[in-house]
Amino acid sequence: MRADLFAEDITGLDEALTAVDGFDRALVAGLLRPQPAQSAGLTGLAHAVAGTPLAARVAEAAEKAAGGAANEDHFVALAAARTALLGSVHDALMTRIEEATGRPRGEVTAPEPAGQQAANLLTAARSWLSDLARSGWHGIDHDVVSGAAPVVSAMLPDPELRRLATLLDGFAAELAASCPGVSMERVPARRWADLWSRALLLTVPGAADAPVTGTVTGRLLPLGVDVHEHATAVQAQIHAVFEPADGTTPRLVRAGIAVPKPDTVVGAGLWQLLRPHMSLLTAVSEGRSMELTDMPVTEGGDLIWSDDHAGRGEPADAFATARVALPAATDAATAPLDRHPARIAVPVFLEGYAVQKDDDTLTFTLPGGPLAVDTDRIPTAGPLTPEAVAASGACIGLLRWDAGTYRVQPLAVETTVRKKAVAVHAGGWAGGTTDKAGAKAEKAATDAVAVLRERAGRLLRK
């Protein structure tokens with residue numbers, strides 16, 4: 001991989017992010033009675049999309065918002081401009097990654113039209129989001145935030161609106177936990193503006209149309225597992241190379257499973273909640289491939305996993321896959337609304353690097369230059385540790401972009417233990433473990449889940 005390319009500046013990147021930051025600061029104080037600094041942020045956003053098809057509508061929206069007279073359509077236009085700017089940043093960063101890895105990227109066609117959505121619920125959601133923009137993050141209180149509850153309750157029963165309902169529910173929960181906004185010392189301006197913009201665009205009819213899907217048959221070769229853990233939910237996302245049975249070009253795909261969880265279940269105990277829903281997790285920990293037959297998949301490379309379409313495969317070492325199959329695979333395409341720098345997670349294989357440790361920071365020094373290591377993303381639900389990464393000589397990871405620089409998130413490393421080469425995987429405990437630490441954590445989680453089920457049963461009996 002040509003790590004030297006990551007040190008080169010990307011034309012227009014800083015200017016686009018500056019325009020986004022200016023608009024995000026305007027949302028902090030709210031757009032009911034904008035001050036001059038907020039008006040400047042709105043004007044900067046409009047200037048950043050000048051010369052594009054959005055130009056006229058965003059210029060009008062910025063002018064109205066600067067005067068405190070923006071309506072819902074104007075807020076949608078501003079959200080679209082912000083999303084388009086971050087999409088351009090995403091595309092520029094991905095182009096640089098393509099150059100560095102030498103792998104091509106797939107393309108996404110137009111989504112399939114969804115069924116008729118409830119226009120009144122979309123309008124209600126848009127109205128609540130517009131109220132948020134007027135109040136600003138410093139102006140939120142429980143009265144403002146609670147306006148989402150009836151909208152979410154009405155949307156959840158409708159499968160076509162569940163994506164937006166889940167987003168609004170989580171967003172409202174974050175805002176409620178920070179009320180009153182005036183007392184916040186630090187506002188997550190970028191994150192909340194991301195959620196606000198995405199939710200607002202999903203209220204536009206057609207924006208949430210189902211992605212184009214097909215089916216695939218062939219061999220799935222896992223590379224590693226990325227774990228996302230929250231207080232009430234956990235998701236495991238398996239990155240893999242798929243080799244079609246018809247001999248066409250291999251492609252990178254993902255298979256994910258997400259489940260709710262009690263906040264007392266953490267660490268290795270998470271796998272107990274995930275395993276029953278996906279046989280692929282066992283295959284990952286056993287180092288095996290899987291044979292897929294007519295498995296549904298989106299154009300963006302997301303397998304819509306069903307164990308009915310998967311069978312046990314032959315042994316497949318992840319590092320052999322990374323060395324042989326990964327370089328020839330096509331990178332997954334990106335759906336239009338997913339074009340955001342935070343969504344970048346490209347599988348890469350690195351070796352022949354020197355590890356530099358500075359306090360709690362690790363850096364891989366490759367022949368082309370240094371690459372920062374994001375050890376904070378290593379999950380506690382597996383045997384992979386920052387110490388193992390620091391002692392490694394080869395790494396399978398996800399290339400990300402964070403805080404203005406490219407970073408690699410380790411999924412697995414090859415290291416030496418007692419003069420013997422050993423592979424350590426973040427998902428090593430996914431299918432079960434005999435490791436003492438992992439077994440202890442699983443037992444503690446089993447006890448916690450048993451207690452919670454007993455209490456839940458007692459409440460239901462009442």
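Treat the numbers as computed from the prediction; the structure is a model and nothing was measured. Note: hydrogens, waters and symmetry copies are ignored here, and every other heavy atom, side chains too, is used.
- Side-chain atoms of Ile378 and Leu411, non-hydrogen and from C-beta on, never get closer than 4.5 Å to each other.
- Atom CG of Asp246 has more than 12 heavy atoms from other residues, nucleotides or ligands within 6.0 Å.
- You'll find the side chain of Leu223 reaches within 4.5 Å of the side chain of Leu252, heavy atoms only.
- Side chains of Trp192 and Ser178 form a contact here, defined as non-hydrogen atoms less than 4.5 Å apart.
- No more than 12 heavy atoms of other residues, nucleotides or ligands lie within 6.0 Å of CZ in Arg191, so this atom counts as exposed by the packing criterion.
- Nearest heavy atoms, Pro205 versus Arg126: CD-NH2, 4.3 Å.
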Evaluate side chain to side chain contact (heavy atoms under 4.5 Å, CB included) for Leu13 paired with Glu15, printing each intermediate quantity in order.
CA-CA 5 Å; Leu13 186 72; Glu15 291 81 355; 5.7 Å; no

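- Closest of all the heavy-atom pairs between Val408 and Gly397 is CG2-CA, 4.0 Å.
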Evaluate the side chain to side chain contact (heavy atoms under 4.5 Å, CB included) criterion for residues Asp358 and Thr363: first the C-alpha distance (whole Å), next the side-chain angles of each, then the deciding distance (0.1 Å), finally the verdict.
CA-CA 8 Å; Asp358 183 15; Thr363 302; over 6 Å; no

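- In summary, Arg198 and Asp338 engage in a salt bridge, as defined by a charged side-chain N under 4.0 Å from a carboxylate O.
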Under the side chain to side chain contact (heavy atoms under 4.5 Å, CB included) criterion, do Val259 and Leu274 qualify, and how do the steps go?
CA-CA 7 Å; Val259 297; Leu274 294 164; 3.7 Å; yes

Given side chain to side chain contact (heavy atoms under 4.5 Å, CB included), test Leu122 with Leu161 step by step and report yes or no.
CA-CA 9 Å; Leu122 294 178; Leu161 295 176; 3.8 Å; yes

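- A salt bridge between Arg312 and Glu286 is present, with a side-chain N of the basic residue lying under 4.0 Å from a carboxylate O of the acidic one.
- Remark: Tyr353 pairs with Phe364 by the ring pair (Phe, Tyr, Trp, His ring centres under 6.0 Å) rule, at least two apart or across chains.
- When side chains are defined from C-beta on, Val297 counts as touching Arg251, because their heavy atoms get closer than 4.5 Å.
- Residues His239 and Val225 fail the side-chain proximity criterion, which asks for heavy atoms closer than 4.5 Å.
- Looking at Asp402 and Arg400, no side-chain N of the basic residue comes within less than 4.0 Å of a carboxylate O on the acidic one, giving no salt bridge.
- A search for ring pair (Phe, Tyr, Trp, His ring centres under 6.0 Å) contacts involving Phe6 returns Tyr406, not counting sequence neighbours.
- Remark: Arg82 engages Asp24 in a salt bridge, criterion side-chain N to carboxylate O under 4.0 Å.
- Nearest approach of Met290 to Ala283, heavy atoms of both residues: CG-CB, 3.7 Å.
- At least one donor-acceptor pair under 3.5 Å links the side chain of Arg275 to the backbone N or O of Ala430.
- Residues Arg339 and Asp91 form a side-chain contact, since some pair of their non-hydrogen atoms from C-beta on lies under 4.5 Å apart.
- Classification of Arg323 and Glu351 as a salt-bridged pair holds, one side-chain N sitting under 4.0 Å from a carboxylate O.
- A donor and an acceptor atom, one from each side chain of Asp194 and His340, are located under 3.5 Å apart.
- Using a 4.5 Å heavy-atom cutoff, the side chains of Thr330 and Arg103 are not in contact.
- Glu314 and Arg219 are not joined by a salt bridge, as no carboxylate oxygen comes within less than 4.0 angstrom of a charged side-chain nitrogen.
- Considering only heavy atoms from C-beta on, Thr282 comes within 4.5 Å of Arg288 through its side chain.
- Salt bridge status for Asp226 with Arg377: absent, with no side-chain N to carboxylate O gap under 4.0 Å.
- Side-chain polar atoms of Asp307 and His309 form no donor-acceptor pair below 3.5 angstrom.
- Looking at every heavy atom in both residues, Ala16 comes nearest to Val89 through CB-CG2, 3.8 Å.
- Using modelled atom types and a 3.5 Å distance limit, the side chains of Asp359 and Thr361 yield no donor-acceptor pair.
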